[in-house]
Amino acid sequence: IQDNMNILTNAKNLLNDSIDELRAMSNDLLPNVLSELGLLEAIKQMLNYCSNKPNLSVTLINNMINQYELNEKESVNIYRIIQEAVKNAITHSNAKNIELELSETTNEYLFQIRDDGKGFEPSNKKLYGNGLYNINERANLINAKVQITSDNSHGSEIKISKGKMK
């Protein structure tokens, strides 16, 4: 009987873990906060989660006033681009500091993600994994431009500029 109880307990734990993973994946696909509270709050929550990682400082500089002028498709893709850039900084660059700056001019929105990690050579397309490819594809979907600057000693910067609707 004890063996059966152990098997049931293990099965229950595996099922609960699977449910938690499924919830996390679902939230990653489209966070509720993005549709309910908007891009800025979704970004804040993502960065708050990232800032819990040891030896990592995450800073948000928000100078964007009209974030609500972005439609749902634009907001989702901007969120995903920022999420991928932050994930890359954490996973690949060993960054200690990540800074996200949101700003706007009369004609465009600007999203800049900077890190102090080990950097990479942006002109070497062989280094582009799915993450950088996805960033470029998502930007193309919303007619945004991506500029990547990086070197092996000063970290990286990914700048996304998205024209405003006239």
Side-chain angles (χ1 to χ4, degrees), residues 18-53 56-93 95 97-117 119-150 155-166:
S18 296
I19 290 169
D20 290 344
E21 260 186 68
L22 189 57
R23 280 190 184 126
M25 285 175 22
S26 173
N27 190 54
D28 280 347
L29 291 174
L30 183 60
N32 290 340
V33 70
L34 185 58
S35 56
E36 292 172 8
L37 299 176
L39 180 60
L40 182 58
E41 285 305 313
I43 289 170
K44 285 179 181 178
Q45 283 193 14
M46 176 200 351
L47 296 181
N48 187 45
Y49 173 77
C50 292
S51 67
N52 291 328
K53 298 193 179 303
L56 181 64
S57 171
V58 182
T59 305
L60 173 64
I61 301 168
N62 179 27
N63 296 313
M64 196 165 86
I65 299 168
N66 297 310
Q67 65 151 330
Y68 297 105
E69 291 179 5
L70 293 167
N71 66 39
E72 183 179 13
K73 178 181 175 183
E74 292 167 334
S75 293
V76 168
N77 281 289
I78 293 292
Y79 178 84
R80 291 287 173 233
I81 290 169
I82 292 169
Q83 184 180 45
E84 186 65 42
V86 169
K87 183 181 87 111
N88 284 350
I90 292 169
T91 305
H92 301 296
S93 79
N97 298 287
I98 299 172
E99 181 180 273
L100 171 59
E101 183 174 355
L102 314 176
S103 59
E104 64 182 294
T105 67
T106 306
N107 299 319
E108 67 183 356
Y109 298 104
L110 299 169
F111 307 89
Q112 298 172 103
I113 304 97
R114 294 182 276 275
D115 70 65
D116 64 351
F120 65 98
E121 182 53 53
S123 63
N124 185 352
K125 299 293 184 192
K126 291 179 184 177
L127 294 176
Y128 276 46
N130 287 337
L132 292 176
Y133 174 80
N134 289 340
I135 286 173
N136 282 297
E137 287 301 306
R138 287 185 180 280
N140 287 335
L141 284 172
I142 58 170
N143 297 316
K145 293 184 177 92
V146 177
Q147 179 183 358
I148 300 172
T149 54
S150 181
S156 302
E157 178 179 41
I158 298 177
K159 186 184 297 186
I160 298 94
S161 56
K162 168 69 182 117
K164 290 183 177 180
M165 298 301 254
K166 304 277 180 190

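Computation of the quantities below employed the complete heavy-atom set of this structure, encompassing side-chain atoms and omitting hydrogens, waters and symmetry-equivalent molecules. Model, not experiment: these values are computed from the prediction.
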For residues 156-163, which side-chain donor-acceptor pairs fall under 3.5 Å, sequence neighbours excluded?
unit_1, atom_1, unit_2, atom_2, d
Ser156, OG, Ser150, OG, 2.7
Glu157, OE2, Arg114, NH1, 2.9
Lys162, NZ, Glu74, OE2, 3.3
Lys162, NZ, Ile142, O, 3.0

| Would you say Asn97's side chain and Asp116's backbone share a donor-acceptor pair under 3.5 angstrom? | no
| message | Would you compute the distance between atom CG of Asn136 and atom NZ of Lys145 and round it to the nearest 0.5 angstrom? | response | 13.5 Å
| request: Check step by step if side chain to side chain contact (heavy atoms under 4.5 Å, CB included) holds for Val86 and Leu100. | output: CA-CA 9 Å; Val86 169; Leu100 171 59; 5.7 Å; no
| said: Can you tell me which residue among Asn63, Leu40, Ile61 is in a side-chain contact (heavy atoms from CB on, under 4.5 Å) with Leu102? | reply: Leu40
| message | Counting C-beta onward and ignoring hydrogens, is there a side-chain heavy-atom pair between Val146 and Ile135 closer than 4.5 Å? | response | yes
| query | With sequence neighbours left out, what residues match Asn48 under side chain to side chain contact (heavy atoms under 4.5 Å, CB included)? | reply | Ser51
| remark: Here the gap from Cys50 atom SG to Ile98 atom CD1, rounded to the nearest 0.5 Å, amounts to 6.5 Å
| Shortest non-hydrogen contact from Ala89 to Ser93? | O-OG, 2.5 Å
| query | How would you list, by chain and number, every residue that makes a side chain to side chain contact (heavy atoms under 4.5 Å, CB included) with Lys87, sequence neighbours excluded? | reply | Glu84, Thr91
| Smallest separation among heavy atoms of Leu39 and Met64, with atom names | CD2-CE, 4.5 Å
| query | Looking only at heavy atoms, what is the nearest atom pair of Leu56 and Ala95, with distance? | reply | CD1-O, 3.5 Å
| Contact check, side chains of Glu104 and Lys164, non-hydrogen atoms, under 4.5 Å | yes
| note | Distance col, row Met46:CE vs Leu60:CG, nearest 0.5 angstrom, shows 9.5 Å
| said: Once rounded to the nearest 0.5 Å, what's the spacing between atom CD1 of Ile78 and atom CD of Gln83? | reply: 13.0 Å
| said: How long is the straight-line distance from CD of Gln45 back to CG of Leu34, given to the nearest 0.5 Å? | reply: 10.5 Å
| request: Report yes if some heavy atom in the side chain of Phe111 is under 4.5 Å from a heavy atom in the side chain of Ile81; otherwise report no. | output: no
